[in-house]
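In what follows, a single structure is set out as structure tokens and then discussed.
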Amino acid sequence: MTEQAAAPVPQHAGPEPMTGAQSLIRSLEAVGAETVFGIPGGAILPAYDPLMDSTKVRHILVRHEQGAGHAATGYAQATGKVGVCMATSGPGATNLVTPIADAYMDSVPIVAITGQVASKAIGTDAFQEADICGITMPITKHNFLVTDAADIPRVIAEAFHIAATGRPGPVLVDIAKDALQARTVFRWPVETQLPGYRPVTKPHAKQIREAAKLLATSKRPVLYVGGGVLKAQATTELRILAELTGAPVVTTLMALGAFPDSHDQHLGMPGMHGSVAAVTALQKADLLFALGTRFDDRVTGRLDTFAPFAKIVHADIDPAEIGKNRAADVPIVGDAREIIADLIVAVQQEQSAAQAAGEARFEYGAWWEQLNAWRKTYPVGYDPAPEGMLSPQQVIERIGQKVGPDAIYAAGVGQHQMWASQFINFEKPATWLNSGGAGTMGYAVPAAMGAKAGCPDATVWAIDGDGCFQMTNQELVTCALNNIPIKVAIINNGSLGMVRQWQTLFYNQRYSNTVLHDGPENDGRGPAAGTRIPDFVKLSEAMGCYALRCERPEDLDAVIDKAMALNDAPVVIDFIVHQDAMVWPMVAAGTSNDEILAARDVRPDFGDEND
Ligand SMILES: Cc1ncc(C[n+]2csc(CCOP(=O)(O)OP(=O)(O)O)c2C)c(N)n1
């Protein structure tokens, strides 16, 4: 993650007398924060007054602080800059907890600024007091409680620096109301005081050489690429490394777009709903080259059976990740871009040395034969919906085809998220936003809003579930009022689909509390007219959006075209889809990746030549 360039501060600025609140806004301007998502309230109110006069910082008034937090995350993921959200003390601050946890799990750089009760009242159970620093301690990269106005510029500079550098993550700055109201002087630039914080970015040369050697002699390597490669903006280097070595690539849910889906060396996504080829490649590999990834349980399946034949090269900016879940044979700490750049040179040296010695190196021919056979036999696909019904996969696939790889796609959490990851082709970095680590329902609409606010020229689609949409759809009001024309595709199967899928597979089809419409069952058709509560078309229109509905396969293209043509307000499409569609392939939770099912009751036959 690169730190955003601080806006130039006029030389004559010098020390200027002002309030803490004014100093906060000046500090935000100085670090280059352009957009803040938030809601005012008593404790933060002093900051909102000078915010009104800022010509550099745009404040977007959201409808719920959770929306502000996810919007900051979407903004950060789409722009590569630090996202900013703001809330008042107590409930305002605690409403930020979910998006902060979400950003922490996915290593997204955001700064959350909260008002706190006056410093003398802290600890007295004052009105709207919550110990937000205590609450967010385990879910922030760092947090600050500011009680002295003089500290504000330094703390803001440090917060942005910490959020953006090393392994990115959320930082919370909690400022007592009296510190915002006090008189102070604003000085910039400030001296930061972070003696214990020096993330290592430059990898160790010996480890790089070791890694290149392993890659040279490996017979079955896989480049296992995670979100860290996107955060480090290392996708150009990744492609060079992949093409130089000819090794297969898998990109995790957080890394989609880091390597083009259309590239012949791409095996797809590993993990619980990954492609058979990607999952099995990891299982049968003799070398995993893990770049900016953390051996998440959704990728490894049952850990003690994961990639049993593989040596591990693990490169990550965060030393705490290395060896956390799987011991590394070659640990490399550093920035993914610097690591891959150094690896390219080391691989070239290995290749020249091998050529000079007449030795065969980087020979993966037999491996590719095997991989190609798996790819061909078990492509990711889906069964068409029964006659006359819309299949959710088809809707998502068609949106991807018509809208194309330049658009930004944000997903909610559930079946639609997995189908979006499988059936939209991601070709470019920063085009796929989702809640991977936390799996936060309600992420899509506000994240799409944040992405569109940060990239107004991009087309931004939220692919959402009918369950997720009901958690945060009110941010469409924010979009309508602030000229943020996102498009939202609700994949409306009338149920909490992913949970229903687990009930189908593991709970004898007992659908406890997963129906979202006003019943009865509709032959698998999704919710019937008259049972749709809420009616998403009416709801969206009430929120100032264009609203469309699509129920028949023959209308699909025309409805997407219509949505694409409407650009002066947000557009919501209610796609009524087949409710029994399931996400495949699947590795059931807690089982081994070796037990992957390509489809229901379809166990791939891998042979056992490598085992
Ligand atoms: C905040 C939150 N609550 C509960 C869950 C558990 N959960 C995971 S997926 C899911 C269902 C999502 O339903 P919907 O948005 O309709 O998407 P679908 O799976 O039908 O595509 C639920 C309840 C969650 N991930 N997040």
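Every value quoted in this text rests on a predicted model; they were computed, and no experiment measured them. Excluded from the calculations below are hydrogen atoms, water molecules and symmetry mates; all remaining heavy atoms, backbone and side chain alike, are included. Both counts, for ligands and for their atoms, begin at 1 and track the order of listing.
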Task: Under-4.0 Å salt bridge between Arg525 and Glu551 - done: no
Task: Ile491 touching ligand 1 at heavy-atom level, < 4.0 angstrom - done: no
Task: Shortest protein heavy-atom distance from atom 15 (O) of ligand 1, along with the residue and atom involved - done: Cys468 N, 2.7 Å
Open item on the list: If we count only N and O atoms by modelled type, under 3.5 Å, do the side chains of Gln417 and Tyr443 hold a donor and an acceptor together?
Closed with: no
Task: Asp561 atom CG, neighbour heavy-atom count above 12 within 6.0 Å - done: yes
Open item on the list: What protein heavy atom lies closest to atom 25 (N) of ligand 1? Include the residue and the distance to one decimal.
Closed with: Gly439 O, 2.8 Å
- [ ] Report yes or no: do Thr478 and Glu475 form a side-chain donor-acceptor pair below 3.5 Å?
- [x] yes
Open item on the list: Counting only nitrogen or oxygen atoms and a 3.5 angstrom limit, does Met471 reach ligand 1?
Closed with: no
Task: Numbering as shown, the atoms of ligand 1 that approach Asn493 to under 4.0 Å (heavy-atom distance) - done: 20 (O)
- [ ] Answer with side chain, backbone, both or neither: which part of Ser495 has a heavy atom less than 4.0 angstrom from an atom of ligand 1?
- [x] backbone
Open item on the list: If you take the nearest heavy atom of each of Met441, Gln579, Gln66, His416, which one is closest to atom 3 (N) of ligand 1?
Closed with: Met441
Open item on the list: Please list, in number order, the atoms of ligand 1 under 4.0 Å from a heavy atom of Gly497.
Closed with: 13 (O), 18 (P), 19 (O), 20 (O)
Task: Short side-chain donor-acceptor distance under 3.5 Å, Asn567 and Lys487 - done: yes
TODO: Considering only NZ, NE, NH1 and NH2 on the basic side and carboxylate oxygens on the acidic side, decide whether Asp318 and Arg294 come within less than 4.0 Å.
DONE: no
Task: Asp296 and Arg298 ion-paired at < 4.0 Å - done: no
Open item on the list: Need the ligand 1 atom indices (1-based, order shown) with element for anything under 4.0 Å from a heavy-atom of Gly467.
Closed with: 14 (P), 15 (O), 16 (O)
- [ ] Please identify which atoms of ligand 1 are closer than 4.0 Å to at least one heavy atom of Gly414.
- [x] 9 (S), 19 (O)
- [ ] Please work out which of the three classes, parallel, tilted or perpendicular, describes the rings of Phe144 and His142, given edges at 30° and 60°.
- [x] perpendicular
Open item on the list: When you compare the side chains of Arg167 and Ser107, does any donor N or O come within less than 3.5 Å of an acceptor on the partner?
Closed with: yes
TODO: Go through ligand 1 atom by atom and flag the ones less than 4.0 Å from a non-hydrogen atom of Gly465.
DONE: 14 (P), 15 (O), 16 (O), 17 (O)
TODO: Just need the protein heavy atom nearest to atom 12 (C) of ligand 1, so name the residue and atom and give the distance.
DONE: Val413 O, 3.4 Å
Open item on the list: I'd like the name of whichever of Ile396, Leu496, Asn513 reaches closest to atom 11 (C) of ligand 1 through any heavy atom.
Closed with: Leu496
